There are 4 protein chains.
Amino acid sequence: MSREHDVAVEKSQRKPGRAEREAERRKSILRAAVDVFSRKGYQGCRIADVAREAGVAYGLVYHYFKNKDELLEDVFSSGWSGFLSRVQAGITRETSLEAQVRAVVQVAFEAYRRDPRGVKVLILEVGRSPAGGAVSRGSAFTHVVQLAAEMFRAAQARGELSSALDPVLCATSLFGVIEMALTSFVVGLLDRRDEQLIDRARDQVAETILRGLVGAGPSPAEAPWNRSVPKPKTARRD
Amino acid sequence: MSREHDVAVEKSQRKPGRAEREAERRKSILRAAVDVFSRKGYQGCRIADVAREAGVAYGLVYHYFKNKDELLEDVFSSGWSGFLSRVQAGITRETSLEAQVRAVVQVAFEAYRRDPRGVKVLILEVGRSPAGGAVSRGSAFTHVVQLAAEMFRAAQARGELSSALDPVLCATSLFGVIEMALTSFVVGLLDRRDEQLIDRARDQVAETILRGLVGAGPSPAEAPWNRSVPKPKTARRD
Amino acid sequence: MSREHDVAVEKSQRKPGRAEREAERRKSILRAAVDVFSRKGYQGCRIADVAREAGVAYGLVYHYFKNKDELLEDVFSSGWSGFLSRVQAGITRETSLEAQVRAVVQVAFEAYRRDPRGVKVLILEVGRSPAGGAVSRGSAFTHVVQLAAEMFRAAQARGELSSALDPVLCATSLFGVIEMALTSFVVGLLDRRDEQLIDRARDQVAETILRGLVGAGPSPAEAPWNRSVPKPKTARRD
Amino acid sequence: MSREHDVAVEKSQRKPGRAEREAERRKSILRAAVDVFSRKGYQGCRIADVAREAGVAYGLVYHYFKNKDELLEDVFSSGWSGFLSRVQAGITRETSLEAQVRAVVQVAFEAYRRDPRGVKVLILEVGRSPAGGAVSRGSAFTHVVQLAAEMFRAAQARGELSSALDPVLCATSLFGVIEMALTSFVVGLLDRRDEQLIDRARDQVAETILRGLVGAGPSPAEAPWNRSVPKPKTARRD
DNA sequence: GATGAATGAGTGTTCATTCAT
DNA sequence: GATGAATGAACACTCATTCAT
């Protein structure tokens, strides 16, 4: 066919080429899985839903993924690995603990802004599938925590952090604060469409984990807090 | 009911009385549900499992609970209401924010010590069933957060907390730190059998949320940290 | 209940009693399975067919049988064990090899007359499922053959049979002759509705295995042979 | 086609020629089908298995065979037609019934020696697919039986066989004895690797069908019988 | 012709729920 | 109330067949 000769030229142009189209298909199924998954959860989602969402035939899902479990496993690992590497990059890039912590927080919130659905899936399921004997999910949680714990250990070695603190608990605290804040948006406790609120949440989270709730002097800037979604309660003044 | 009055008399006697026996049955089913649930998760557990665990007949579960959802709802609410009321009591009992925060942390860790399985269920499922149109579960999370948010608002009103902070985010931070620490025990990242570790975790968590990781000077007491379960890495000295 | 006391009286009367009714159900499913199985074969039959044939709900089949394989296993073994024990009885009852052989042939043909469908299933499937890792089926064939081989060995010991013959091959010959004759009826090569033909077939089969086709003088009685079903061809001259 | 004319020229040259290569492909698929079929059976085998075994692409099977059924049909008929013609040749070549019977037995055992897998397929499936509305398989059985029945009829006409015997039953007896003996090897009841055993089995089978088990005096030659595979039971006294 | 991705109907199995005893 | 047999909808997974390249 006359198509072969100009493959090199068109490589990243139109006419995808078989391999490329397949990779594309695979990805679209993965994306669809994230969507359905974020809506219906691990157990609630049906392969049929994923196929329909991806716009492919039922059986094709099984062409690309061995079974439902593996599909979901891939959803996790693909989303998670990106997050992990960005967290790692943030930690490596910065030199002071404070900057590192802010970087981690930033990465998490940025990930949420970019792909709320993906984050929702990760938050709602990672490390929380009881049966999840599946490798990646169970250990994903462990993995980040260890990563951050290492960061805290290094800070202790540099004298930036009291060595009286358990690095693992420091790590869980960091991710606990982040995760719960994001969860608030995910479950609608805070308004996920309010981008400024997201920014402020990010800052407050970083501040809280670094200096605590009562430890630091307040920043003077006042903000119309309590814009939680459920009931837009009238702003209270103190 | 005419049965109530002699409860005191028969309390620990034979012939429990029909109503009592029924209440007992109901509770044993509920307990069994918590067990199975903590082992297999919301979706993974079958009514048959619960019945077998409780030692009752298959169909009997449906005498006491309308359906599977209601059973699980009850598991949640019964476990949750106790937690909620104890949190509320702790907040009410104390007057300073700091004492209140410590009280909340204490309640959570105490609950874990008393009933790790129950806490596991709450942690792994509360607010995390995406399909969970179920009222109580979705709102359970919201409920405590609002409770704590109110506590923080009051503290702001008393001038104990910077009014620049969003009370809702303060609340999520508090529970995020607590929850993730307990999760570490639940998933085995920290050794759940090490009772001293649990105590230290409780203290560090309270300290962290109050003063932050870098904000406060270290407590002088040294502890053999890093006793995380996976690999008992060599203790570091400061 | 007033039903319990007269159970002994009514034992085989109406009012089946739970256990009895269940056994009945189980049997009816088994019977239905034989039917469907004989019509569509091992792989071709669907659980839905069996359920419909038995007049029970789909899921009930799974109440009584673990899965399709076990159901079919039971179909085999239940049918086969009856046959086996009757073969054994026939062998034990008779003392001369000749009478024993006739008894075995008689048992097989009688079984066919009684339950052609059951025999069809056994003939078409026993020892013929290639994947049949299943215990009973694979070994069922082996079992009868060994049984008959033992009979022939005993006859050799008594001097009734040449010890130059391999008992196992004697046994396969016996069942081969029987089986293929019945197969002729099963597949319609011979008219399965012609009861006299069945009787003559039985006699000829016994005669053939005992004395061979050319070894014995013919019985003087002439018979209008060649009444095969497909086309009742005009009698040929002898 | 313009391709045909030069086939003769290139017949045994290099460049097999398209037509030849295709015929080759077709045959290799057929061979692969026999293999897979003999291992997994009619229903248990998948087109994918056949393609893999043949070393060709999935879809190619559908170039050469309309569908799975036709493929299997061809497996049967190709294997069967060879057997049939050899049986026919044996019958035609010989003049006495006894020699003819021995020839038929010989053909069958020779076929088994040459291609045990093919024979296994024929034995396990021919005439035994209940759903097998397929023409050739159902009738294949009928066909040989009719062929042999004709042989017996002719022998009756020549006075070599009692006309009291039903020729069709004579035929089923002949093939029954043969088939069951071969089945013993196929299922492992007799050791298929013992070539001498196969030879003796052939002889005994012929002897049995001709003179019966008790009708004929034993051949003086003694043989170490009972070498069946399962348990090499201790030799019995003669 | 050759390839293997794409399709989707078919079916075994599970399990919440009902109901007769 | 207690029991567990009965029901059937739901869903994961298979695989023959088609078709674009």
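None of these values were measured; they are calculated from a predicted model. Here is the naming used below: chain letters follow the sequence lines, and residue numbers restart at 1 for every chain.
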Distance in angstrom units between [X] [atom1] and [N] [atom2], rounded:
| X | N | atom1 | atom2 | answer |
| --- | --- | --- | --- | --- |
| B/L60 | E/dA20 | CG | P | 18 Å |
| B/E70 | E/dT17 | CD | C1' | 14 Å |
| C/R25 | E/dT21 | CZ | P | 11 Å |
| A/L72 | F/dC11 | CG | C1' | 14 Å |
| D/N67 | F/dC15 | CG | P | 17 Å |
| B/R52 | E/dC15 | CZ | P | 11 Å |

- Task: May I ask which nucleotide in the shown strands pairs with F/dA12, Watson-Crick or G-U wobble, both distances under 3.5 Å?
- Result: E/dT11

- According to the Watson-Crick and G-U wobble definitions, with both distances under 3.5 Å, which nucleotide is paired to F/dT18? E/dA5

- Reckon A/Y64 has a side-chain N or O less than 4.0 Å from the OP1 or OP2 of E/dA5? no

- Message: What's D/F65 touching, base or sugar-phosphate or nothing? Going by heavy atoms closer than 4.0 Å.
- Response: nothing

Identify which nucleotide among [options] has an atom closest to any side-chain atom of [X], counting heavy atoms from C-beta outward.
| X | options | answer |
| --- | --- | --- |
| B/I47 | E/dG4, F/dA5, E/dA16 | E/dA16 |
| A/Y62 | F/dC13, E/dT21, E/dT7 | F/dC13 |
| A/R46 | E/dA5, F/dA12, F/dA16 | F/dA12 |
| B/A57 | F/dC11, F/dT3, E/dA16 | F/dT3 |

- Message: On DNA chain F, compare the nucleotides closest to A/Y58 and C/H63; which residue's is nearer the 5' end?
- Response: C/H63

